[in-house]
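Counting from 1, the numbers follow the sequence of the chain as shown.
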Amino acid sequence: MGWLVNFREDRRHPLLTETIVGRSPAADLRLGHSFVSSVHCAITWNRGDWGVRDLGSHNGTAVNGELIPPKTRRRVRAGDEISFGQATSTWTLSDDGEPQPIATGPDDAIIVGERGLLVLPDAQDPIATVYRGAVGPWRLELPDSERETQDMDSLSIHDATWTLRLPSPRANTSASVNPQQALSLQNAALCVCVAKGDRGGSVVVQTEDKRFSFPLGATVDILRLLAEARVNTPGGWVDRERLLTELAMTGNRLNVAVFRLRRQFAEAGFIDAVQIVERSRRQLRLGTDRVTLESPDAP
């Protein structure tokens with residue numbers, strides 16, 4: 001995730017696919033200094049790197065003290081300093097990772113997603129999930145519905161209104177370069193290994209060219225139930241109420257468990273990690289039928 005930091009003013013700002021900097025109320029990063037132009041410059045993500053382009057400002061934009069010619073894009077990397085108008089307004093690119101989904105809310109609150117996954121209002125109460133798979137548009141998942149969503153869409157949660165700021169398709173480089181080579185549920189077989197007692201379990205992932213595993217911890221229970229249904233039930237769908245009963249969970253705890261499971265698959269490198277759990281009205285299922293179950297501690 002790209003971040004700008006102003007150490008002098010103790011401010012941080014996340015970068016969108018295109019971040020407009022200036023005095024204008026419409027600017028993404030709004031600066032109040034008189035030497036900053038209304039629309040001063042643009043910081044953009046393109047083909048795997050960040051670049052700065054001055055938009056014809058009166059006092060110019062500099063990278064590491066060197067002025068950028070107007071309308072010229074200058075590549076920047078983590079640690080580079082960007083000055084808007086004067087050296088007193090200098091920001092450091094502290095992180096140069098690719099853009100992530102963002103939500104802005106009341107009192108200038110900002111929530112930043114990770115690995116293409118954004119939950120609202122927070123990870124402890126994940127009512128809404130915004131995600132994008134290997135291809136296609138961004139999607140918004142609510143407890144009882146799912147639909148496409150896009151940049152600047154708004155939604156209300158707990159009487160608070162959030163505005164989504166979503167990267168454009170060109171930011172999804174891992175999928176757009178060659179989706180066939182990316183780690184996906186479509187090209188991997190899963191083996192869910194459940195340990196006895198409270199020792200959790202793990203997932204073994206097998207693709208054509210590699211094999212690896214990662215621990216599950218507390219999320220093993222929900223993955224086990226969904227895997228059993230996928231193996232033994234036509235379609236693999238499980239009623240939400242049945243899950244709540246068998247897991248002895250509240251609806252909120254189930255949402256948290258689903259989020260954590262998706263995050264684990266994202267951290268393992270799956271570009272379509274959100275789809276490990278699919279929802280349809282009041283039902284859930286495992287997002288792949290290439291799954292087996294194993295109990296390594298069984299006698």
Side-chain angles (χ1 to χ4, degrees), residues 1-22 27-33 35-37 39-55 57 59-104 108-119 123 130-132 138 151 164-178 181-183 263 266-271 273:
M1 178 72 199
W3 283 94
L4 283 182
V5 178
N6 186 315
F7 295 104
R8 180 191 294 266
E9 300 177 7
D10 193 24
R11 293 178 63 187
R12 298 177 74 236
H13 190 85
L15 295 178
L16 308 167
T17 304
E18 180 177 69
T19 298
I20 301 299
V21 181
D28 301 300
L29 174 54
R30 188 179 181 187
L31 304 177
H33 307 297
F35 51 79
V36 174
S37 296
V39 180
H40 196 98
C41 81
I43 303 173
T44 58
W45 171 265
N46 189 29
R47 297 183 180 181
D49 62 44
W50 291 100
V52 179
R53 183 164 58 96
D54 187 86
L55 299 177
S57 66
N59 295 306
T61 303
V63 173
N64 297 327
E66 181 181 347
L67 281 175
I68 304 173
K71 300 182 180 180
T72 299
R73 186 178 189 269
R74 177 69 54 84
R75 183 181 179 184
V76 289
R77 299 178 179 178
D80 285 345
E81 295 183 339
I82 308 170
S83 302
F84 309 112
Q86 292 184 11
T88 52
S89 181
T90 295
W91 295 66
T92 301
L93 184 65
S94 64
D95 192 314
D96 58 4
E98 69 178 271
Q100 295 294 328
I102 296 171
T104 59
D108 296 323
I110 297 178
I111 297 178
V112 179
E114 296 181 11
R115 301 178 184 272
L117 180 64
L118 172 70
V119 292
V130 178
Y131 72 94
R132 181 175 54 198
W138 289 94
D151 188 42
L164 301 178
R165 302 307 316 272
L166 305 177
S168 63
R170 66 175 179 268
N172 197 14
T173 55
S174 61
S176 60
V177 171
N178 193 337
Q181 294 181 0
L183 181 58
R263 184 172 61 186
E267 291 172 347
F270 284 85
I271 59 173

Would you mind writing out the side-chain donor-acceptor pairs for residues 80-89 within the sub-3.5 Å range, not counting sequence neighbours?
from, atom 1, to, atom 2, distance (Å)
Asp80, OD1, Asn64, ND2, 3.1
Asp80, OD2, Arg77, N, 2.8
Ser83, OG, Thr90, OG1, 2.7

In terms of heavy-atom contacts, Gln100 and Arg115 come closest through OE1-N, 3.1 Å

Does Glu98 use its side chain to pair, donor to acceptor, with the backbone of Gly48 at less than 3.5 Å?
-> no

Heavy atoms only: give me the nearest Val112-Pro14 pair and the separation to one decimal.
-> CG2-CB, 4.3 Å

Backbone of Pro167 reached by a side-chain donor or acceptor of Trp138 within 3.5 Å = yes

Which donor-acceptor pairs under 3.5 Å do the side chains of residues 3-11 make with protein atoms, sequence neighbours left out?
from, atom 1, to, atom 2, distance (Å)
Asn6, OD1, Arg8, N, 3.0
Asn6, OD1, Glu9, N, 2.9
Glu9, OE2, His33, NE2, 3.2

Output yes when Arg73 and Asp49 qualify as a salt bridge under the 4.0 Å nitrogen-oxygen rule, no when they do not.
-> yes

Evaluate the criterion side chain to side chain contact (heavy atoms under 4.5 Å, CB included) for residue pair Arg165 and Asp28; output intermediate values, then yes/no.
-> CA-CA 10 Å; Arg165 302 307 316 272; Asp28 301 300; 3.2 Å; yes

Which atom of Asp96 lies closest to which atom of Ala78, heavy atoms considered = OD2-N, 3.1 Å

Decide yes or no on side chain to side chain contact (heavy atoms under 4.5 Å, CB included) for Leu118 and Leu164, but give the supporting numbers first.
-> CA-CA 10 Å; Leu118 172 70; Leu164 301 178; 4.2 Å; yes

For His40 and Leu31, what are the C-alpha separation, side-chain angles and deciding distance, and is it a side chain to side chain contact (heavy atoms under 4.5 Å, CB included)?
-> CA-CA 10 Å; His40 196 98; Leu31 304 177; over 6 Å; no

Find the distance between CG (Leu117) and OH (Tyr131) and round it off to the nearest 0.5 Å.
-> 10.0 Å

Test side chain to side chain contact (heavy atoms under 4.5 Å, CB included) applied to Arg74 and Thr72, step by step | CA-CA 6 Å; Arg74 177 69 54 84; Thr72 299; 5.6 Å; no

State, to 0.1 Å, how close Pro101 and Leu166 come at their nearest heavy-atom pair, and which atoms those are.
-> CB-CD2, 3.7 Å

